[in-house]
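Order of listing sets the numbers, starting from 1, for every ligand and every atom in it.
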Amino acid sequence: MTASTSSNKNPAVLAADPDWWRGAVIYQIYPRSYLDSNGDGIGDLPGITTKLPYIAELGADAIWISPFMKSPMDDFGYDVSDYEDVDPMFGTLDDFKELVEKAHAQGLRVLIDLVISHTSDQHAWFKESRQDRTNPKADWYVWADAKDDGNPPNNWLSVFGGSSWQWDTRRNQYYLHNFLRSQPDLNFHNEEVQEAVLNAARFWLDIGVDGFRLDTANFYFHDKELRSNPGRKPEEESVSTPKTNPYGYQVHVYDKTRPENIAFLTKLRAVMDEYKDTTMVGEIGADEDPHQIIADYTAGHDRLHMAYSFDLLAGDQTAAHIREKVSNLEATINDGWASWAMSNHDVIRVVSRLGAGFEKREASSVLLAVVASLRGSPCLYQGEELGFEEANVAFEDLQDPYGIEFWPNFKGRDGCRTPMAWETTAPNGGFSTGKPWLPVDARHLANAVSVQENDPASALHRARTFLKWRRQHPALIKGDMKFLQLESDVLGFTRTLGEDSVLCVFNLSDQEKTVSLTGQGVTEALEGHGFEFAMDGKVITLPAWQAGFLKLDA
Ligand code: BGC
Ligand code: MG
């Protein structure tokens with residue numbers, strides 16, 4: 001095996017460490033909405049580069065940049081038309097190389113989104129594949145004849161609405177698309193396709209990226225026999241399937257999470273292992289047995305490093321919900337590793353999901369501390385460090401095709417994708433001198449970075465304080481986790497690594513809470529994390545939306 005080192009890593013800042021990703025704080029950037037450097041209303045790579053010191057100061061260990069490869073932008077970059085180039089809207093390949101170099105110099109690793117389950121219909125591979133049934137790429141996508149009555153071959157549904165089969169008049173066949181009809185699904189049963197997407201990964205690894213966030217990592221394979229999925233009654237709303245979406249009415253046994261997927265992940269891992277200190281976090285969206293899938297996909301050392309869980313991306317973030325989901329995953333995961341997020345570019349921002357319709361900006365700091373204290377690697381989404389709530393986007397301003405399709409009961413993903421607010425008094429919050437692709441939310445402007453910088457009690461300062469403090473506690477980064485049964489609305493667990501053992505308690509309510517920790521081995525209250533609590537013997541009192549951290553007898 002040849003170990004190629006990324007030449008542009010600054011060894012003084014980034015120490016060699018194959019395990020750096022365990023417990024690393026990953027800051028997710030949606031490039032369209034971070035900072036626009038050229039006034040076209042769309043964020044870009046040079047914009048991100050400008051803000052790397054801000055991200056490093058926050059205390060992130062890595063960034064994950066949502067797609068910036070060449071794309072017609074039907075799904076805003078999740079529809080790639082060239083795996084080996086940057087879309088001109090975001091800059092150039094040289095801009096990206098500069099970003100990587102500067103990130104490394106700031107001590108930040110760089111993960112990029114690798115979207116290989118499907119391409120854009122504008123990708124050269126698909127343009128060739130759709131020409132006829134005999135061209136060299138004829139089998140690179142999933143093509144199927146109509147049934148005798150003209151209907152698609154089976155009942156599979158697209159996440160974004162309707163059948164996942166689209167008719168094509170050149171081949172007189174249907175092709176499969178799990179998302180938009182302009183996102184045809186690559187046929188992973190074809191070895192040449194596997195080789196082609198592995199080459200796409202190599203291209204970016206050679207440039208020096210530290211790894212990938214793998215889009216829809218359980219969607220790569222489909223059932224070769226094209227069997228129809230069984231039906232299911234959706235009991236509860238989940239991220240991939242709001243009640244308004246019939247996708248949730250099927251058990252997706254045949255169109256995703258197929259057994260062949262694991263062997264492909266092993267091939268991808270072998271490529272990763274040719275490059276030092278790289279990692280992969282795979283997005284695993286599944287309604288059935290997601291924890292078992294996460295365990296299977298991250299078991300041993302030849303599959304994914306980490307699996308990104310949807311558990312905390314939907315629903316109310318009550319203590320009971322978090323305890324149930326995380327402890328269940330912990331009980332299943334064995335030697336695997338999870339990645340936790342409460343917000344991202346696909347879901348309603350977490351502070352707007354607390355209880356029936358109310359938003360609690362003051363809850364944002366404690367929620368950030370929860371996600372950064374769980375066993376697993378936390379992903380923070382841009383704006384989460386500022387306590388941003390979901391933006392209100394009017395129907396006329398909607399950009400997300402998913403939102404437009406399912407309006408008005410499901411509003412889509414624009415509300416979490418509006419631009420960052422940097423300067424409270426600058427036009428468009430300092431995001432752009434042009435007209436932003438989505439409006440900057442007025443409430444975000446009022447809480448822009450410039451405002452929070454000047455307020456030591458702001459969400460931003462609290463996030464910095466907490467993440468810096470966390471770095472001093474190896475237990476919070478890589479330690480084991482055990483949940484405590486405390487009164488409702490109080491989440492508690494211990495994290496232990498060797499001598500370092502920390503008990504964490506979080507008050508996820510707007511009432512003061514008193515908790516007895518008798519018998520837990522608590523020795524003293526820890527300080528420096530920025531939260532407020534009182535300790536009287538073994539009894540601690542937590543004001544509303546506060547947290548406590550205590551040293552344990554190891
Ligand atoms: C991404 C979405 C995207 C979809 C299709 C995902 O899960 O996070 O933003 O629309 O994959 O690529
Ligand atoms: Mg721009």
**Q.** Identity of the N, O or S atom of D44 lying closest to the Mg ion (ligand 2)
**A.** OD2

**Q.** Greater than 12 external heavy atoms within 6.0 Å of R303's CZ
**A.** yes

Q: Could you pull out, from H118, E283, Q183, the option with a heavy atom nearest to atom 7 (O) of ligand 1?
A: E283

Q | Nearest-neighbour protein heavy atom for atom 1 (C) of ligand 1, which is reported as residue plus atom name and distance | A | D215 OD1, 3.1 Å

Q.
Can you tell whether the side chains of R232 and E288 come within less than 4.0 Å, N to carboxylate O?
A. yes

Q) With a distance cut-off below 6.0 Å to the six-membered ring centre and an angular limit of 45° from the axis, does K411 pair with W407 as a cation-pi contact? A) yes

Q) With a cut-off of 2.8 Å, does any N, O or S atom of G47 fall short of it relative to the Mg ion (ligand 2)? A) no

(Q) Tell me the protein heavy atom at minimum distance from atom 8 (O) of ligand 1, and give that distance in Å. (A) D346 OD2, 2.5 Å

Q: Tell me which one of D75, D79, I284, N344 gets a heavy atom nearest to atom 5 (C) of ligand 1.
A: D75

Q.
Within the 3.5 Å criterion, strictly below it, is a donor on D113 or Y78 matched to an acceptor on the partner's side chain?
A. yes

Q: Give the numbers and elements of all ligand 1 atoms closer than 4.0 Å to a heavy atom of R413.
A: 2 (C), 3 (C), 9 (O), 10 (O)

(Q) Any nitrogen or oxygen of T216 lying under 3.5 Å from a nitrogen or oxygen in ligand 1? Just yes or no. (A) no

Q) Could R413 and D75 be called an ion pair, given the rule that one side-chain N must be under 4.0 Å from one carboxylate O? A) yes

Q. Relative to ligand 1, is F160 under 4.0 angstrom through side chain, backbone, both or neither, heavy atoms considered?
A. side chain

Q: Please identify which atoms of ligand 1 are closer than 4.0 Å to at least one heavy atom of H345.
A: 1 (C), 2 (C), 8 (O), 9 (O)

Q. Tell me, which N, O or S atom in D36 is closest to the Mg ion (ligand 2)?
A. OD1

**Q.** cation_pi(R22, W337) dist<6.0 Å, angle<=45
**A.** yes

Q: Determine, for R202 against E195, whether the closest basic-nitrogen to carboxylate-oxygen distance falls under 4.0 angstrom.
A: yes

Q. Would you say the side chains of E324 and N328 form a donor-acceptor pair under 3.5 Å?
A. no

Q. Side chain, backbone, both or neither: which part of R417 has a heavy atom under 4.0 Å from ligand 1?
A. side chain

Q | Ionic contact status for K137 with D139, cut-off 4.0 Å | A | no

Q. What is the OD1(N38)-the Mg ion (ligand 2)-OD1(D40) angle, to the nearest 10 degrees?
A. 80°

